[in-house]
Structure formats: C-alpha cells, structure tokens
Amino acid sequence: MNDSRPIPTEYMQVSVVVPTYNERNNIAILLKRVSDALVGMNWEIIFVDDASPDGTADIVRALARQDQRVRLISRHNRRGLSSAVVEGALAASADIVAVMDGDLQHDEGVLPEMYRTVASGKAEIASASRFLQEDGAAGLSSATRLKMSNGGIRLANAAFGLDLTDPLTGFFVIRRDVLVRALPDLSEQGFKILLDLITSAKPRPRVAELPFRFREREHGESKLDNKVMYDFFLFFLEKKIGHFLRLPARFLSFGIINTIGILLHLLILEAGLAWFGLSFAVAQLLATMLAMAFNYSVNNLVTYNDRQLKGADFYTGFVIFALLCSVGVVANVGIATVLHVQYADIAHELPALAGAMITAVWNYAATKLFVWGKRRRPVPQPVPEGASQGGHV
Ligand code: GDD
Ligand code: MN
C-alpha cells in the first residue's frame with residue numbers, strides 16, 4: 001500500500017500515567033523531576049485523579065495550561081488505583097506507557113532505562129523493583145536480589161508461577177498493546193495492577209526487573225490499607241476458580257462470608273436450644289439476627305472495603321440489608337417448597353439447594369445495588385491557583 005503521509009520524525013515515545021488522590025503538594029515537583037529525567041525524549045504525562053478533595057485536579061489543570069505535555073483525566077464518583085492506571089494507559093498517545101505513583105516515592109531517574117528495555121524489545125514490561133540491588137561495579141546492567149524476607153512476594157510468585165523480586169510494585173513501563181491484550185481478563189477487584197496485568201495478558205508477557213530505591217513519602221499519606229492479604233486471597237480465587245466460572249471476586253467473597261454466617265447461625269441456634277433452654281422460635285430469631293449482623297458487618301469491612309459504610313450510613317445500610325435478605329428468605333422458602341411439591345420424588349436436598357442458591361444471587365445483587373451502590377460524592381471545592389507551587393523540595 002502506498003501511504004503518502006510523511007514519516008514523522010518526532011513521535012511520542014512514552015506516556016507517563018500517574019494515578020493521584022490527594023497529592024496536590026507533589027504534582028509540580030513530580031512534573032519537574034520527570035521532565036528532567038526524560039530530557040531529550042518525546043513524552044506526555046497523564047494524571048488520573050479521582051476528584052481528590054484537596055484539589056489535586058486543579059493543580060494539574062493549571063500546569064496543563066502552561067505545558068501541553070501535561071494532561072488530566074478527572075473522574076467523578078470513582079475510586080481505585082488499578083482502574084485509574086488502566087484508564088490513563090488507554091488514553092495514552094504513545095505505544096509505551098510508564099506507570100508511577102504521584103507521591104515522589106518512585107525514582108523517575110530509572111524511567112529512561114525502563115523505557116529502553118521495553119522499546120528495544122528486550123521485554124514487554126520493565127518493572128522497577130524495591131528488592132533488587134545494583135551491582136556496584138556493573139551498574140544498571142546487572143543487579144542482585146536482596147534477601148527476601150517478604151512472605152507475600154514468595155506467595156505471589158508461587159501462586160502464579162512467577163520469579164519476580166517485586167511483583168507488587170506500582171512502578172513499571174509496559175507496551176500499551178500488552179495492556180490492551182490483558183483487559184478482558186483483568187480482575188474487577190484490581191488487587192495489584194502489575195500482577196493483574198502479568199497474569200491476565202496471554203501469552204504471558206516477558207518482564208525485566210530493574211532496581212530502584214523506594215523513597216520515603218514526603219507529603220500526604222498512603223491510601224493502601226492493611227487488608228492486602230485478604231485482597232490477595234480474593235484475587236487468587238478469582239484468577240484460579242472464579243475466572244473459570246466467570247464469577248467476580250466480590251461474589252466469591254460474599255459467598256464465603258455468608259457460608260460462615262450460616263455456620264454461625266446453626267451454632268447459635270444449637271447453643272440457644274441446648275445451653276440456654278430457649279424456645280425454637282426465639283433461638284431461631286436470635287440466630288438469624290446475629291448471623292445477619294455478622295454477614296453485614298464483615299462484608300462491609302472486606303467485600304466492600306472500598307465503599308465501606310460508616311457512621312449513620314452503617315445503620316441505615318444494615319436496615320436495608322436486613323430487609324433485602326428477608327425478601328431472600330421468603331423467596332428461598334417459596335422456591336424450595338414449589339420445587340419440593342412439584343418433584344416430590346426427588347430428594348428434598350435439591351429443592352433446598354436451589355432455593356438457597358437463588359437466594360444467594362438475590363442477596364448479592366440486591367445488596368450490591370441498594371446497600372453498597374454508588375452514592376453521591378461532593379464536588380471538591382476549587383482551591384486557589386498556585387497554592388501548592390514552589391516551597392517544597
Ligand atoms: N486516581 C486514584 N484513585 N489514585 C489513587 C487512589 C485512587 O483511589 N488511591 C491511591 N492513589 C494514588 C496515590 O495518590 C499515589 O499516587 C499512588 O496511587 C499510590 O498510592 P499510595 O497511597 O502512595 O500507595 P503506597 O505507597 O501505599 O503503595 C505503593 O506501593 C505498593 C507496593 O506494594 C504503590 O506504588 C502501589 O502501587 C504498590 O503496589
Ligand atoms: Mn506511596
């Protein structure tokens with residue numbers, strides 16, 4: 001085919017994607033550092049902000065007015081580091097995407113080497129590891145593994161057949177087409193985006209690790225909390241089982257917690273009858289209420305950790321949860337009874353199971369929508385322009 005368009009001599013080499021939440025004091029410094037590190041290259045930087053209350057987006061817009069390499073994706077009613085990274089990468093103009101934190105903890109000095117590793121075709125992903133050490137004499141071309149004490153890293157490697165010193169790092173360079181290839185299989189939960197990308201892209205991408213020194217956070221605070229182990233467990237389930245059954249991690253989590261809830265129910269019922277001499281109706285009511293409270297609060301804590309209901313919302317949420325689950329119970333008994341009457345010759349376990357399964361689906365879908373569904377977030381107030389520029393090193 002004859003294409004008469006001129007071959008561009010200047011093309012965008014790398015799009016740097018930076019997810020931000022409350023990083024207003026770090027943006028200008030990061031931009032300066034990245035532009036120093038990438039001097040001589042053709043690049044853009046895309047900040048993906050989730051309506052940070054501190055007005056991070058306004059700071060980015062102010063910088064973008066002066067510098068066309070700066071872009072902003074501002075999301076409303078959304079939260080999530082992984083989805084921010086994915087959406088930033090999808091909006092990237094370049095074929096190669098760098099992902100880094102906006103809190104200055106990632107050493108932008110490693111970016112050119114990471115870029116070269118991917119651009120040269122040596123690897124499809126270059127990730128920056130906190131647990132590799134540069135070999136003094138050999139420089140960046142060679143590195144040794146630091147002694148790994150972190151059990152989580154070993155677990156992640158073992159679970160997915162990897163051999164990385166830092167599979168959970170949030171600092172990496174990836175070919176955009178590899179990311180696109182991974183999209184259909186990415187976890188809804190978005191546990192750790194790099195691990196998610198590596199395990200979702202088929203065939204599995206080649207990864208090269210480069211060492212870097214993880215800096216202390218200067219401004220603001222870390223948003224990632226301590227439920228990492230549970231998240232990893234869910235991610236694992238989704239990838240290994242749920243993926244095969246096409247079940248989202250949240251449903252699996254809901255199912256596991258509610259199964260424990262049923263056991264708790266039986267335990268309370270037995271205890272109430274045997275040890276406290278309660279009547280069946282009272283023991284059953286007590287067991288139902290306590291199991292429901294257990295299901296609600298544990299799901300609120302882990303399954304919906306990202307949308308956790310607090311304060312007054314917690315109690316309203318519980319009332320709605322209890323009402324919806326009562327509908328589930330009525331449906332359960334109804335369905336099981338109809339099936340039992342219709343097919344009187346089959347074992348009664350089957351109608352019971354069918355009723356329970358339909359109830360589980362109802363409870364999950366209804367509470368996801370009406371208890372932990374989206375609610376309005378306030379629009380962040382405009383912050384005076386230039387308020388964060390300068391001042392910090
Ligand atoms: N858009 C958006 N939405 N950005 C977010 C959100 C969110 O909900 N939550 C966090 N961020 C941004 C932060 O503003 C920061 O730029 C970056 O994502 C990382 O968040 P931190 O809160 O600083 O995370 P960390 O330092 O605890 O974790 C880092 O180390 C982990 C190592 O296990 C990150 O690099 C992780 O990606 C990494 O996995
Ligand atoms: Mn951080």
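Ligands are counted one by one from 1 in listed order, and the atoms in each one are counted from 1 as well.
Residue R130 touches ligand 1 through its side chain alone, judged by heavy-atom distances below 4.0 Å. Counting heavy atoms closer than 4.0 Å to ligand 1, residue D101 contributes atoms from both its backbone and its side chain. With a 4.0 Å heavy-atom cut-off, ligand 1 is reached by the side chain of A84 but not by its N, CA, C or O.
The contact set between ligand 1 and G80, taken as ligand atoms under 4.0 Å from a residue heavy atom, comprises 3 (N), 7 (C), 8 (O). Interface atoms of ligand 1 facing E23, defined by a heavy-atom separation under 4.0 Å, are 13 (C), 14 (O), 15 (C), 16 (O). Remark: ligand 1 atoms within the under-4.0 Å shell around heavy atoms of K192 are 31 (C), 33 (O), 38 (C), 39 (O).
Side-chain atoms of N305 come within 3.5 Å of backbone N or O of L301 as a donor-acceptor pair. The backbone N or O of A159 sits less than 3.5 Å from a side-chain atom of K240, completing a donor-acceptor pair.
Inclusion of F214 in the set of residues having an N or O under 3.5 Å from an N or O of ligand 1 is not warranted. Polar contact with ligand 1: absent for T169 (N/O pair, distance under 3.5 Å).
Side-chain contact between D101 and E23: absent, with no pair of heavy atoms (C-beta onward) separated by less than 4.5 Å.
With S15 as the fixed residue, the side chain to side chain donor-acceptor pair (under 3.5 Å) test singles out one of E44, R71, R69: E44.
Of the listed options D50, D49, I27, N26, D50 places a heavy atom closest to atom 3 (N) of ligand 1. If you check each of I193, L195, L81, I153 against atom 18 (O) of ligand 1, the one with the closest non-hydrogen atom is L81.
At least one heavy atom of H106 sits under 4.0 Å from some atom of ligand 1.
One distance of note links CG of L132 with CD of E209; it measures 5.0 Å at 0.5 Å rounding.
Summarising the local packing, CZ of R181 is surrounded by more than 12 heavy atoms from other residues, nucleotides or ligands at distances under 6.0 Å. The number of heavy-atom neighbours closer than 6.0 Å to CZ of R206, taken from other residues, nucleotides and ligands shown, is above 12.
Aromatic ring pairs are classed by plane angle as parallel below 30°, tilted from 30° to 60° and perpendicular above 60°; the pair F321 and Y296 is tilted.
For D103, the N, O or S atom with the smallest separation from the Mn ion (ligand 2) is OD2.
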